Amino acid sequence: MKTCIITGANSGIGKSAAEQIAAKGYRVILACRNIVSGEKACQQIKTMTGNMHVCVMKVDLSLMSETGAFADEFISNFKELDVLINNAADFDLSRKSANITVEGNESQFAANVLAPFLLTNKLLGLLKDSSDARVINISSQGLMLYPNLKLDFDNLQGQKKYNPAATYYQNKLALLMNSLTLKEKLSNTNVSVYAVRVTNVKIDMDRYQNISSILKFMYNIKSRFAISPYEMAKVYTILAADRKLDGFLYDEKMREVKANRFVYEKEPRKRLWDICESLTSRDND
Ligand SMILES: NC(=O)c1ccc[n+]([C@@H]2O[C@H](COP(=O)([O-])OP(=O)(O)OC[C@H]3O[C@@H](n4cnc5c(N)ncnc54)[C@H](OP(=O)(O)O)[C@@H]3O)[C@@H](O)[C@H]2O)c1
């Protein structure tokens, strides 16, 4: 039986992907911050698919100590891993100022960039033991609105200024940069690395009660043109479970698409990788 971890699988696209991948007979681990809604999703997936090899593990990805402990616990309990989907993302647009964690990281950067980096690197040993492993990182179509976007190395953790939406796009750019670096590093192994360019997908607005009425109004308009989480999750499932592909970034129709220009620049990618390595190695060796 193949094993798959999906972060943020208690809701939205991650939950739908967990259901689809469980339906294919995989053991699926829902890596969730909210254990109550994780357990609820787990029960629903078991009922819908008849697959009893679905379980929840708790992790707050904004904390590297928790992310590292999650990986250690997974390694000792499961000993095998074929697919890792770094789906969770912090896009809480109600935040007014940078939230610094007890570990000293800005929490969005920590959850959206550092955690996928640490999780993937800690689990790489198990992934390399699989005959056909996949790492799938989740990006956003919104990046297309900023084709010339560059990573602001002086503001990676909101040191200069903070805006949750701008931070989110900086994070997604950084995640794509690290994904491409990882793909290159693993080119001679059995581990394939993919990224998904998620389009406008319906969001459960009950989850985002704190946002302003203007933003709620905008989300409502946007949702009229959105596809369902289940539809979007089909791309995750194809990349996780179908035949290997050579490409890097795929859209909602499984077309290979180009990332922002900056993602292909080697020097900033190396700089970012080194920063992530240093920020995640502090407490987790
Ligand atoms: N929906 C869209 O239109 C859209 C567009 C572009 C990209 N995307 C990307 O698609 C992915 C899935 O989003 P979605 O639409 O399915 O949204 P969602 O339903 O809000 O799911 C986000 C998930 O991330 C989890 N998460 C956030 N911060 C976390 C943390 N610190 N630790 C652990 N888990 C955390 C959330 O957990 P909690 O339940 O605990 O909050 C939730 O399970 C994300 O990467 C997002 O950036 C979505």
Side-chain angles (χ1 to χ4, degrees), residues 5-20 29-42 56-71 85-95 99 101-103 105-116 118-119 136-146 164-165 167-176 179 195-211 215 218-233 235-236 249-252 257:
I5 296 176
I6 308 180
T7 65
N10 55 305
S11 73
I13 312 167
K15 181 180 167 192
S16 287
E19 181 197 328
Q20 291 172 16
I29 290 84
L30 318 179
C32 303
R33 166 171 65 180
N34 182 336
I35 203 77
V36 174
S37 86
E39 287 293 358
K40 196 170 155 202
C42 182
V56 189
M57 284 177 67
K58 186 180 174 342
V59 61
D60 180 345
L61 297 164
S62 69
L63 295 172
M64 295 311 102
S65 50
E66 274 206 29
T67 305
F70 167 90
I85 306 183
N86 288 305
N87 162 75
D90 178 341
F91 51 97
D92 179 358
L93 300 182
S94 68
R95 203 173 280 134
N99 173 39
T101 70
V102 288
E103 296 171 343
N105 293 311
E106 188 280 310
S107 60
Q108 260 184 298
F109 177 69
N112 299 346
V113 182
L114 294 180
L118 179 61
L119 205 52
I136 303 167
N137 289 339
I138 307 307
S139 185
S140 169
Q141 190 185 39
L143 274 178
M144 285 173 71
L145 297 172
Y146 313 99
T167 300
Y168 172 75
Y169 286 118
Q170 283 282 312
N171 293 169
K172 288 297 187 190
L173 186 73
L175 182 63
L176 273 179
S179 307
V196 179
R197 191 180 79 185
V198 170
T199 184
N200 178 18
V201 175
K202 257 193 187 58
I203 288 172
D204 176 1
M205 286 311 292
D206 289 344
R207 291 175 39 75
Y208 295 96
Q209 284 301 322
N210 293 337
I211 61 172
L215 267 175
M218 280 165 62
Y219 265 122
N220 276 333
I221 305 262
K222 216 173 144 230
S223 81
R224 293 191 198 155
F225 307 97
I227 66 171
S228 70
Y230 193 88
E231 201 54 35
M232 189 66 235
V235 173
Y236 291 26
L249 178 63
Y250 291 89
D251 74 359
E252 73 283 4
V257 289

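Start at 1 and go down the list; that is how both ligands and their atoms are numbered. What you see is a predicted model, and the numbers here were worked out from it, not measured in a lab.
- The 12-atom threshold is exceeded at NZ of Lys58, counting heavy atoms of other residues, nucleotides or ligands nearer than 6.0 Å.
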Pair Asn210-Ser94, side-chain hydrogen bond (donor to acceptor under 3.5 Å, both in side chains): steps then yes or no: CA-CA 6 Å; Asn210 293 337; Ser94 68; 4.6 Å; no
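- Here the rule is side chain to side chain contact (heavy atoms under 4.5 Å, CB included) with Pro229, and of Val198, Ile13, Ile203 only Ile13 fits it.
- Protein neighbours of ligand 1 below 4.0 Å, counting non-hydrogen atoms: Gly8, Asn10, Ser11, Gly12, Ile13, Arg33, Asn34, Val59, Asp60, Leu61, Ser62, Asn87, Ala88, Ala89, Phe91, Ala111, Ile138, Ser139, Ser140, Tyr168, Lys172, Val198, Thr199, Asn200, Val201, Ile203, Arg207, Tyr208, Tyr236.
- Taking the six-membered ring where the residue is Trp, Tyr208 and Phe91 present parallel rings, their angle staying beneath 30° rather than reaching 60°.
- Scored by the side-chain contact (heavy atoms from CB on, under 4.5 Å) test, Asp206 finds Asp204, Gln209 as partners (sequence neighbours excluded).
- Counting non-hydrogen atoms of other residues, nucleotides and ligands closer than 6.0 Å to CE of Met218 gives a total of 12 or fewer.
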